[in-house]
Amino acid sequence: MEAYGTIFLGAMLAALAAVPLVSRIALTMRIVDKPGTRKVHSTAVPRIGGLAVMLAAGAVVLIVRHVNNEAGRVLLQMQPKLAAILIACVFICLVGLIDDIWTLRARFKLLGQIIAALGVCSFGIRIDMISLPGTFAMHLGWLSWPVTVFWIVGITNAVNLIDGLDGLAGGISAIACGILVVFAFYTEQVALAVLMLVMAGSLAGFLFFNFHPAGVFLGDCGSMFLGFFLATGAAASAPGYRQLGMALLI
């Protein structure tokens, strides 16, 4: 348990260090959300804080991957899927970053999300089964592809859409991570516990700057990354086959 606490703390400290750096870059490059009649902030606020969350979480995951303990060995065993998740997360964060800087049409954002979802699906990260414990179980077969893509794109956009108030998207995502950590410990899923602890720690560090009055916003790069990470991390970590019943705990 001490190792898990270290993972959470390390991710939180990484985010606490990364957020001010990314904020300074955003202010220098004027990637900010300006005050307006429908906005509560009175000064320009950096709008790419999600980039700091991604950098902190990614760095800690890579460090844990090279540590010789249970968490490191489990991440090593799922290395191809882990690499697919990280690459897809970087891609989806870049799509959001482009939107934060230049504004993308919704259709292009959706296309980017579908491409990223198909990418992780091709590495075997799919919901193969819909089940309710002790009630029923249904294998999806080829339907696992569209179901998984719909699940990932749906969660990605759900988190993106709730990112409207200070600390809302980050706070809800942190709670979702906490629920999945408890579920992971209960079902002895080490990979799921590690991934969600990393994200929970990164969000804890970010929320220090994001609660009202926010000094930095997640931006589309952050909210899309969070939703995508939650969806794919949950789907990739279930043992044997991915169960929609587990994923719906989010």
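Note that the structure is predicted; figures quoted are calculated from it, not measured.
Contact between Lys109 and Val95 at its shortest, heavy atoms only, is CA-CG1, 4.2 Å.
When atom types are taken as modelled, the side chain of Asp99 and the backbone of Leu104 share a donor-acceptor pair closer than 3.5 angstrom. Proximity of a side-chain donor or acceptor of Asp163 to a complementary backbone N or O of Ala169 within less than 3.5 Å is not detected. At distances below 3.5 Å, not a single donor-acceptor pair connects side-chain atoms of Asn157 with backbone N or O atoms of Asn160. Here the side chain of Asn210 pairs a donor or acceptor atom with the backbone of Val216 at under 3.5 angstrom. Between the side chain of Asp100 and the backbone N or O of Cys221, at least one donor-acceptor pair lies under 3.5 Å. For Arg47 (side chain) and Phe217 (main-chain N/O), no donor-acceptor pair under 3.5 Å exists by modelled atom type.
Applying the side-chain hydrogen bond (donor to acceptor under 3.5 Å, both in side chains) test to pairs two or more places apart or on separate chains, none has a residue in residues 14-30.
Counting heavy atoms from C-beta on, the side chains of Val74 and Val194 never come closer than 4.5 Å. Between Leu203 and Met199, the closest side-chain pair of non-hydrogen atoms falls below 4.5 Å. A heavy-atom distance below 4.5 Å is not found between the side chains of Phe228 and Cys93. With contacts defined as side-chain heavy-atom distances shorter than 4.5 Å, the pair Gln113/Ile152 does not qualify.
The CD1 atom of Ile87 sits 11.0 Å away from atom CD1 of Ile85, with the distance rounded to the nearest 0.5 Å.
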Discussion item. Before you tell me yes or no, could you show the steps for Val159 and Ser173 under side-chain contact (heavy atoms from CB on, under 4.5 Å), namely the whole-Å CA-CA distance, both residues' side-chain angles and the distance that decides it to 0.1 Å?
Written reply: CA-CA 8 Å; Val159 177; Ser173 296; 3.9 Å; yes

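The cluster map of Ile, Leu, Val, Met, Phe, Trp and Tyr, joined by side-chain heavy atoms under 4.5 Å apart, puts Leu86 and Leu180 in the same cluster.
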